[in-house]
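In this text, all values refer to a predicted model and were calculated from it rather than measured experimentally. Numbered from 1 within each chain, the chains take letters A, B, ... in sequence-line order.
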Amino acid sequence: MATIALPQTEVKQPGRLTLLLRYLRRNPGLLVGLLMLLGLVAFTVIGLLTVNTAQAYPLQVRVRQPPSWQYPFGTDFFGRNLLAAMVVGMWQTALIGVLAGAGGTLIGVILGFISAYFGGWLDAVIKGVCSILTPIPALLIQVVIASSLDKRDVTIYTMAWIVVMLAWMGPTLVVRSQVLTMKERQFVAVARLSGMSDLGIIFKEILPNLLPFIAAAFVGQVFAAVFASFYLAVLGLGPLREPLLGNIIWAAQGQGAFFNGWWWWPIAPAVAMILILGSLALINMGLDELANPRVRRSE
Amino acid sequence: MSLRIILKRIGFLVLVVWAAATITFFIPRISPRNPIRERMAELARTGGFSGQGMEEVIASYSARFGLDKPLLQQYVDYMSGVARLDFGVSLNKFPKTTVELIAEALPWSLGLMLATTVIAFVLGMLLGAVAAWPRAPSWLRSFATPFVLFMGVPPVLMGVLLLFFVAFRLKWLPLGGAYSIGTVPEFSLGFILDLARHQILPATALILGSVGAWVLSMRGMGITIQGEDYVNFAEHKGLNGFTIFRDYYLRNALLPQVTGLVLALGTVVPSAIVTEQIFGLPGIGSVLNDAIRANDFTVIYGIVLFITIAVAVMMVLLEFLYPLLDPRIRQEA
């Protein structure tokens, strides 16, 4: 019997980085979103290091200067250097987004797990509260909360809290439905039969499998939080002293910037906000694809 | 649809309104702010009268608004007010009531919102269906792409950009307001044209902001439907392209799309309100903005409750349309 000599070629497994880059090539939306976000972060970090951030507050520079070499984005009616205001505003927007996004996701994950894993009346209560609160436009309740606070008490952190209070229903329902399907899988049954505790199953078996979903939910929450805080600020409910992007648009609109020909005043924060929301939306869609293998594009 | 389902939906509606009313009742009462005291302090500051006897004035106003009663009694009064759509008197524009202020502004907001939602919905469905349709020419299919890109831009920001490019730079359209300054509202062709000119930019901002979502969902639906046997069958039967497009694509996608519309209402309405405020239209958004600037709490809470109720009612009404759209639901009943 003749033996066939198989050529022993070594199968080279590509490294993690190459796999990631290959995946990004298939998912251009995610790539573009990440690059945009990277650019925004670079702008903010370099800005925080080089620009005089004190000029982001009123009465620091000459008022109503159109864009020039000295003031690339111009200055506003109150004597703010809009370049400095953009840098500080982006940093604060990022802070609110990440804080509120993390808070909403954390509450959502905890409630979703409790609801789906333990079931019973707890599940009924949590699901009931979620489904009653979901049709109520969150922005409006946030308007009520923000307007009942003393204006001096409104800071970047209270903004984040206001947003968190009504932003946990989405992640709760997503995590709940995922845990419900995960709970019925065989590896969970095996773990339970082998005597693992509830907490052990949750943290060692289910949670790691849910990480892509939680990551996607987190980005979605950051997007929603940036959006919500922006709308509140545009309505004049933000911390009025801070150069939040929405605040600047609110102030520009209140002073009739376009009527008076100060076009650069609302344009800079509007473009910045579009870039932020656009990059987050692209990353969100890209992560959805990553988390949901059914729509994942094959190589 | 059976009576039981209708009753169930209405029961849910009542629950949602009750929850919203409870939130707007309790949050201000937990808050450290006292609207009447703030209002009086402001009057004292601007009107120049001394603070003497202010406590008595505040106490008498509190009694007038029923704020001295026990909390439970206040809650019952408040709820019965909400049930009668009575949101109290404006603190800033006294003696106008909140409902009067809303009623004055409502036609502006309602007209804009209805028109833009319908246009965006129809446009998005057509563009999405065409984008998914293999027999459509490629230039027609690529028509949908820019709308999908605009989806990430909230209407407020789109409004700022439109104001800059179209109204400020090109001077094609007015910078804001509902009609030209100096004209008097009247029922003439000239005034109506002027009115329409002022609505173009806000409407465009709102439409561009929402078409993309309809395009995407419709296109997804179209792609799923393509693989179905009944479409294959219809094609082999020799039905012409337009009939298949209308009766097999659009018809089947209608129900999920209307469901999407129901879910979108909660975000569409608030964003329309913020947008109309940017354009200085005299709608609900401007009333809300004025109220926030003047610390007019009853109006703020009244508007919030009113919109919540309106959104919830619209959602339930749209759900009642389901049996008209889908014969399968009709048969189950």
Side-chain angles (χ1 to χ4, degrees), chain A residues 33 128-129 131-151 153 165-166 223-224 227-228 230-232 234-237 245-246 249-250 252-254 256-259 261 263-264 266-267 269-275 277-282 284-285 295, chain B residues 12-13 15-20 23-24 27-33 35 149 151-154 156-161 163-164 167-169 175-176 262-263 265-271 273-274 277-280 285 288-289 291-293 295 297 300-301 303-305 307-308 311-312 315-316:
Chain A
V129 171
S131 58
I132 288 174
L133 285 182
T134 309
I136 301 175
L139 175 79
L140 296 170
I141 303 300
Q142 285 157 351
V143 165
V144 171
I145 302 174
S147 61
S148 65
L149 289 173
D150 199 320
K151 286 258 158 59
D153 289 345
M165 267 189 246
L166 280 145
F223 179 86
F227 207 88
F230 170 71
Y231 267 12
L232 285 178
V234 167
L235 280 170
L237 288 168
L245 301 177
I249 293 180
W250 174 75
Q253 204 265 341
F258 279 121
F259 281 103
W263 54 269
W264 58 89
I267 284 294
V271 171
M273 203 66 207
I274 289 172
L275 290 177
L277 289 176
S279 72
L280 287 176
L282 283 171
N284 197 10
M285 275 195 263
V295 292
Chain B
F12 183 70
L13 176 73
L15 260 178
V16 168
V17 172
W18 169 78
I23 294 172
T24 48
I27 288 172
R29 280 165 180 80
I30 303 170
S31 131
R33 285 178 94 165
L149 287 180
M151 196 173 67
V153 183
V156 189
L157 296 173
M158 184 57 80
V160 172
L161 292 186
L163 275 176
F164 174 61
F168 184 78
R169 270 285 144 95
L175 278 167
V262 171
L263 293 176
L265 276 178
T267 50
V268 164
V269 175
S271 88
I273 283 167
V274 180
Q277 177 235 326
I278 282 283
F279 285 94
L288 182 64
N289 193 32
I292 290 172
R293 278 178 202 255
N295 291 332
F297 293 93
I300 299 176
Y301 303 143
I303 288 178
V304 166
L305 256 184
I307 297 171
T308 311
V311 168
M315 282 179 172
V316 171

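To the nearest 0.5 Å, atoms CG (A:Leu232) and CZ (A:Phe227) are separated by 11.5 Å. Here CD1 of B:Ile307 is found 13.0 Å from CD1 of A:Ile136. Values are rounded to the nearest 0.5 Å. To the nearest 0.5 Å, the span separating CZ on A:Phe230 from CG on A:Leu235 amounts to 10.0 Å. Here the straight-line distance linking atom CZ of B:Phe297 with atom CD1 of B:Ile292 works out to 10.5 Å at 0.5 Å rounding. Within the model, atoms CG of B:Leu288 and CZ of B:Arg293 stand 11.5 Å from one another, a figure rounded to the nearest 0.5 Å.
Among B:Val17, B:Val304, B:Val156, the residue making the largest number of heavy-atom pairs under 4.5 Å with chain A is B:Val304. Chain B forms the most heavy-atom pairs under 4.5 Å with one residue out of A:Val234, A:Ile141, A:Val271, and that residue is A:Val234. For the set A:Gly254, A:Ser147, A:Ala146, A:Ala252, the entry with the most heavy-atom pairs within less than 4.5 Å of chain B is A:Ser147. The candidate with the highest count of non-hydrogen atom pairs below 4.5 Å against chain A, out of B:Leu163, B:Ile273, B:Val311, is B:Leu163.
With a 4.5 angstrom heavy-atom cutoff, A:Leu280 does not touch chain B via any of its atoms. Proximity to chain A involves both the backbone and the side chain of B:Phe164, based on heavy atoms less than 4.5 angstrom apart. The parts of A:Ile274 that come within reach of chain B are both its backbone and its side chain, each placing non-hydrogen atoms under 4.5 angstrom from that chain. Of the atoms belonging to B:Ala312, not a single heavy atom falls under 4.5 Å from chain A. Neither the backbone nor the side chain of B:Leu305 comes within contact range of chain A, judged by heavy atoms closer than 4.5 Å. With a 4.5 Å cut-off on non-hydrogen atoms, B:Val160 touches chain A through its backbone and its side chain both. Looking at A:Ile249, only its side chain comes within 4.5 Å of chain B, counting heavy atoms on both sides. B:Ile300 touches chain A through its side chain: at least one heavy atom from C-beta onward sits under 4.5 Å away, while N, CA, C and O do not.
Proximity of a side-chain donor or acceptor of A:Gln253 to a complementary backbone N or O of B:Gln277 within less than 3.5 Å is detected.
Residues forming a side-chain hydrogen bond (donor to acceptor under 3.5 Å, both in side chains) with B:Thr24 (at least two apart in sequence, or on another chain): B:Tyr78. In this structure B:Phe12 satisfies the ring pair (Phe, Tyr, Trp, His ring centres under 6.0 Å) test with no other residue, sequence neighbours excluded.
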